[in-house]
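Report on the following structure.
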Amino acid sequence: VRDDAWPTALALLAGQPETRAAVLAPGSYTAWWLARHARLHGRRPGFWRLPSATRLGALYDPLPGPADDAVLAAAGVRAALAVADRRDAADLLARLADPDLRPDAALVADAHAALAAAVVDGRVDPADVDPPDRVRALDGSVADVADAMVLDAPELVAVLPAGEVVVGGDPRALADLLDLPTASEIVDGEVAGTGRPVPWAAL
């Protein structure tokens, strides 16, 4: 298939009941193959998001042209955040480190959670991914890894600069992937007083 003919090829697959079923079948080898070998506007399907997946808009561009959401999603166009392998992880880390992109805090946390889950589930080995030079911090800024840490204890967020804290998912797995220390490895402190009761409403 010529690189510029893939949209037509996918439309042909989607238009015939037998081939459409082959793409949409659970665990489909056809869909797996398309996600890795098809090229849509010169890019792998995972480079794009479905036009309907607006929540991913701050990290991924919508696939141009008409959309058959079911077939395109099966073929690897993104309907949600997912990290299937090392290549997905490297791509998402690069997007998170791009200062020209503006994902909100919830999307950043979800992206980090997807990355950490891929490590925990064994889909990504941190040793196979080059650690990024920059990471996306809690305040939305892009931080140099020399200044960053992964939040692993929620109380520590009160004493750390938001521009140095990375949050989302399993903290140990995320720290391994990003080659960062956890906050509890950096912060050392002790309780200096007994405190005073404060009504919850006052907080």
Side-chain angles (χ1 to χ4, degrees), residues 46 49-50 52-61 73 78-203:
R49 66 169 173 88
L50 297 176
S52 58
T54 54
R55 185 169 177 274
L56 305 183
L59 289 175
Y60 298 93
D61 292 329
R78 297 185 182 279
L81 279 171
V83 177
D85 53 27
R86 175 190 59 78
R87 187 163 53 179
D88 270 358
D91 177 67
L92 183 51
L93 289 172
R95 291 171 187 269
L96 289 168
D98 185 344
D100 293 331
L101 299 179
R102 296 286 187 271
D104 62 30
L107 182 57
V108 172
D110 285 349
H112 286 148
L115 289 162
V119 173
V120 171
D121 295 343
R123 285 174 274 126
V124 173
D125 184 342
D128 295 334
V129 179
D130 292 332
D133 294 325
R134 299 180 296 182
V135 290
R136 188 70 63 159
L138 178 61
D139 67 353
S141 65
V142 174
D144 189 282
V145 293
D147 303 319
M149 65 199 80
V150 174
L151 186 70
D152 60 334
E155 67 274 11
L156 296 181
V157 76
V159 296
L160 293 170
E164 298 177 5
V165 178
V166 178
V167 300
D170 182 297
R172 186 69 262 168
L174 186 61
D176 286 346
L177 181 65
L178 301 178
D179 195 24
L180 291 177
T182 59
S184 61
E185 294 171 327
I186 298 296
V187 176
D188 184 24
E190 61 184 38
V191 178
T194 58
R196 60 186 176 82
V198 178
W200 178 254
L203 301 175

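Using a 4.0 Å cut-off between charged nitrogen and carboxylate oxygen, R123 and D88 do not count as a salt-bridge pair. Taking 4.0 Å as the cut-off between side-chain N and carboxylate O, D91 and R87 do not count as a salt-bridged pair.
Pairing each heavy atom of V150 with each of A175, the nearest pair is CG2-CA, 3.8 Å. When every heavy atom of L180 is checked against every heavy atom of R172, the shortest pair comes out as O-NH2, 4.3 Å. Shown here for A148 and V166, the closest heavy-atom pair between the two residues is CB-CG2, 4.4 Å. Closest of all the heavy-atom pairs between V119 and P126 is CG1-CG, 3.9 Å. Across all their heavy atoms, G163 and D139 have their closest contact at CA-OD2, 3.4 Å. Nearest approach of R136 to H112, heavy atoms of both residues: O-CE1, 3.4 Å.
Side-chain contact check for R55 versus D110: some heavy-atom pair is nearer than 4.5 Å. Contact annotation: the side chain of L96 never approaches that of V135 to less than 4.5 Å [non-hydrogen atoms, C-beta and beyond]. V124 has its side chain out of reach of L115: every pair of non-hydrogen atoms, C-beta onward, lies at least 4.5 Å apart. Between V145 and D179 the shortest side-chain heavy-atom distance does not fall below 4.5 Å.
Distance alone, capped at 3.5 Å, is enough to place a donor-acceptor pair between the R78 side chain and the G46 backbone. Not one N or O on the side chain of D152 forms a donor-acceptor pair closer than 3.5 Å with the backbone of P171.
Rounding to the nearest 0.5 Å gives a distance of 13.0 Å between CG of D147 and CZ of R134. Between atom CG of residue D170 and atom CG of residue L177 there is a gap of 11.5 Å, rounded to the nearest 0.5 Å. In this structure, L59 CG and D104 CG are separated by 9.0 Å, a value rounded to the nearest 0.5 Å. Residue D61 holds its CG atom at 7.5 Å from CZ of R49, rounded to the nearest 0.5 Å. L81 contributes atom CG, which lies 6.0 Å from atom OH of Y60 (distance to the nearest 0.5 angstrom). Rounded to the nearest 0.5 angstrom, I186 CD1 and L151 CG are separated by 12.5 Å.
Atom CG of D125 has more than 12 neighbouring heavy atoms from other residues, nucleotides or ligands inside a 6.0 Å radius. The neighbour count for D130 CG, taken as heavy atoms of other residues, nucleotides or ligands under 6.0 Å away, does not exceed 12.
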Step by step, work out the side-chain contact (heavy atoms from CB on, under 4.5 Å) result for L160 and L138.
CA-CA 10 Å; L160 293 170; L138 178 61; over 6 Å; no
